[in-house]
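Before any comments, here is the structure.
These numbers come from the heavy atoms of this one structure, side chains and all, not from hydrogens, waters or symmetry mates.
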Amino acid sequence: MEQNAQRELRSANPEWTVSESMARIAKALVSDGPALVFGHTTLTHVPARVSLVVATTGSSGTSKEVGLSASALLSSARASNKALGAEFGNSWSLLLPLTHIAGINILVRSLELGTLPIDAREITGKYPFADFTAVVPTQLFRALNGDSDLLEHLISARAVLVGGAALSSDLREAAHNAGIKVIETYGMTETSGGCIYNGTPLDGTEFEIDDLGVISISSKSLATTYLNDPKSWDEKVRNGFFVTTDLGYIEDGKLVVTGRSDDLIISGGENISLAEVERIVSTTFSGIDCAAFAVPDSQWGQSLQLAIAGDVKPEQSAINEYLSSQISKAAKVKNFLYVSQLPRTALGKIDRRKLAELATEANHG
């Protein structure tokens with residue numbers, strides 16, 4: 001194959017059934033048809049080695065079009081099925097959108113098992129049985145707080161992968177107590193989804209942590225490039241390792257992810273971790289759902305803000321006193337935003353940019 005050979009790129013149709021999507025993915029994986037893109041793209045052709053393109057948006061808000069090879073996707077699916085003890089004929093259920101790698105992975109894993117996944121994205125009432133499924137923490141929370149049909153579905157599964165956003169220890173414990181066999185996954189679109197399960201790398205994956213705590217991943221499931229920004233990709237891959245924006249450490253031989261390196265803000269000349277602010281507030285003041293974010297500020301550089309959802313509203317002074325004692329005096333919240341619920345992305349991650357917009361509107365309203 002010529003080094004610069006290209007293949008046609010077509011957009012996946014959101015109206016396709018699961019079986020139609022699987023058939024087209026299968027053809028794309030064996031190069032018997034065009035490559036497929038899930039999400040927005042400006043491209044019409046991609047390098048021949050790219051089978052699927054998935055758009056992902058980082059904290060900067062800039063969309064990256066991630067090119068994934070058949071080798072990477074199949075390596076991911078096989079390693080996942082092997083780690084779970086999945087055998088030919090076992091079934092997956094699809095509870096995640098196909099615009100994200102986590103949903104696409106369900107289809108590729110099912111191809112490897114020779115089965116058609118149960119499309120559970122719009123089911124109301126009882127769910128059919130599936131051996132395995134994958135959800136984001138928000139879905140797990142809903143199952144444990146009123147969605148009895150989903151809860152029954154998750155309890156009956158042999159394993160439930162949970163990823164896409166941070167899984168709190170309280171939510172994981174509640175799921176365990178309910179009888180859900182949770183496996184916490186870590187990965188990203190650039191690694192064809194989750195490649196580390198419960199802190200342990202899947203086959204073909206290894207990780208490193210540098211002196212600053214930044215996690216880097218080497219994997220057979222690593223993407224090919226950012227199709228719309230290859231220079232940025234080259235800057236992030238060093239000696240075969242993809243340098244993430246996540247921080248972590250090793251405990252008892254397992255990876256513990258603590259937050260994102262890019263969630264650090266500088267306020268009053270001091271570094272403050274938004275994830276640490278959220279952890280301290282949510283564990284100290286029970287019963288609240290909160291998210292820390294920042295807005296530009298002429299005095300502070302970046303002004304620490306805190307959004308609180310729900311009816312429980314702790315004293316602002318009490319929150320600031322505790323943050324000052326646990327982090328520093330610079331970690332005082334400059335403005336509180338009260339919302340009915342926290343805005344989240346499709347995968348359940350806090351949408352900090354939306355919160356900043358809401359805070360700006362409130363201040364100028």
Side-chain angles (χ1 to χ4, degrees), residues 21-22 25-26 28-30 36 38 49-54 56 66-96 98 100-117 130-136 157-165 167 181-209 215-225 237 239-244 246 248 250 252-257 347:
S21 296
M22 285 184 69
I25 288 174
L29 291 176
V30 297
L36 292 177
F38 293 83
R49 65 185 182 281
V50 171
S51 294
L52 299 181
V53 179
V54 183
T56 183
V66 182
L68 299 165
S69 68
S71 174
L73 290 158
L74 292 172
S75 292
S76 171
R78 290 164 183 164
S80 175
N81 282 332
K82 180 180 178 181
L84 298 173
E87 299 176 341
F88 194 82
N90 286 164
S91 61
W92 282 85
S93 70
L94 176 65
L95 286 159
L96 299 167
L98 291 179
H100 295 278
I101 188 63
I104 295 167
N105 277 338
I106 299 296
L107 305 194
V108 183
R109 293 175 193 139
S110 297
L111 283 170
E112 285 295 295
L113 298 178
T115 53
L116 185 68
D131 293 288
F132 307 100
T133 193
V135 296
V136 296
R158 287 168 51 187
V160 177
L161 304 183
V162 182
L167 175 64
K181 293 166 280 294
V182 165
I183 294 179
E184 186 173 1
T185 71
Y186 171 68
M188 57 240 22
T189 306
E190 291 89 342
T191 59
S192 300
C195 57
I196 296 176
Y197 286 7
N198 285 341
T200 300
L202 299 183
D203 279 0
T205 295
E206 55 184 299
F207 67 87
E208 296 178 345
I209 300 176
I215 303 166
S216 295
I217 297 175
S218 173
S219 179
K220 291 181 178 179
S221 63
L222 194 62
T224 300
T225 188
V237 178
N239 299 319
F241 279 79
F242 177 79
V243 182
T244 76
D246 297 314
I250 298 173
D252 298 329
K254 295 187 176 183
L255 174 65
V256 178
V257 181
L347 286 187

Kindly compute the distance separating [atom1] ([X]) from [atom2] ([Y]), expressed to the nearest 0.5 Å.
X	Y	atom1	atom2	answer
Ser192	Leu73	OG	CG	4.5 Å
Thr191	Ile196	OG1	CD1	8.0 Å
Glu208	Ile215	CD	CD1	12.0 Å
Ile217	Tyr186	CD1	OH	4.5 Å
Ser216	Phe207	OG	CZ	11.0 Å
Leu98	Ile25	CG	CD1	6.5 Å

Query raised in the report: What do the steps show when you test Ile104 against Leu68 for side chain to side chain contact (heavy atoms under 4.5 Å, CB included), and what is the final call?
Result: CA-CA 12 Å; Ile104 295 167; Leu68 299 165; over 6 Å; no
Which heavy atom of [X] sits nearest a heavy atom of [Y], and at what distance?
X	Y	result
Ser93	Thr133	OG-OG1, 2.6 Å
Gly194	Leu202	O-CD1, 3.9 Å
Leu255	Ile209	CD1-CD1, 3.7 Å
Pro117	Leu107	CG-CD2, 3.6 Å
Ser219	Thr205	OG-OG1, 2.7 Å
Trp92	Arg109	CZ2-CD, 3.4 Å

Report task. Spell out, as yes or no, whether a donor-acceptor pair under 3.5 Å connects the side chain of Thr115 to the backbone of Gly89. Result -> no
Query - Set of residues satisfying side chain to side chain donor-acceptor pair (under 3.5 Å) with respect to Glu206, sequence neighbours excluded - result: none
Report task. For atom NZ of Lys181, decide whether the heavy atoms of other residues, nucleotides or ligands shown that lie under 6.0 angstrom number more than 12. Result -> yes
Query raised in the report: Any side-chain donor-acceptor pair under 3.5 Å between Ser71 and Ser69?
Result: no
Query raised in the report: Do Ser76 and Ser221 have side-chain atoms, one donor and one acceptor, less than 3.5 Å apart?
Result: no
Requested in this report: Might you work through the side chain to side chain contact (heavy atoms under 4.5 Å, CB included) test for Val162 and Glu184, ending with a clear yes or no?
Outcome: CA-CA 5 Å; Val162 182; Glu184 186 173 1; 5.5 Å; no
Query raised in the report: Would Arg158 and Leu84 satisfy side chain to side chain contact (heavy atoms under 4.5 Å, CB included), going step by step from the backbone distance to the final call?
Result: CA-CA 9 Å; Arg158 287 168 51 187; Leu84 298 173; over 6 Å; no
Report summary line: The complete set of salt bridge (Lys or Arg N to Asp or Glu O under 4.0 Å) pairs with one or both residues in residues 80-95, sequence neighbours excluded, reads Lys82-Asp203
Query raised in the report: For the side-chain contact (heavy atoms from CB on, under 4.5 Å) test, which of Ile106, Val136, Ile183 pairs with Leu161?
Result: Ile183
Query raised in the report: So, do Asp131 and Leu113 sit near enough that their side-chain heavy atoms are less than 4.5 Å apart?
Result: no
Report task. Decide side chain to side chain contact (heavy atoms under 4.5 Å, CB included) for Met188 and Val66; before the verdict, give the C-alpha distance in whole Å, the side-chain angles of both, and the deciding distance to 0.1 Å. Result -> CA-CA 11 Å; Met188 57 240 22; Val66 182; over 6 Å; no
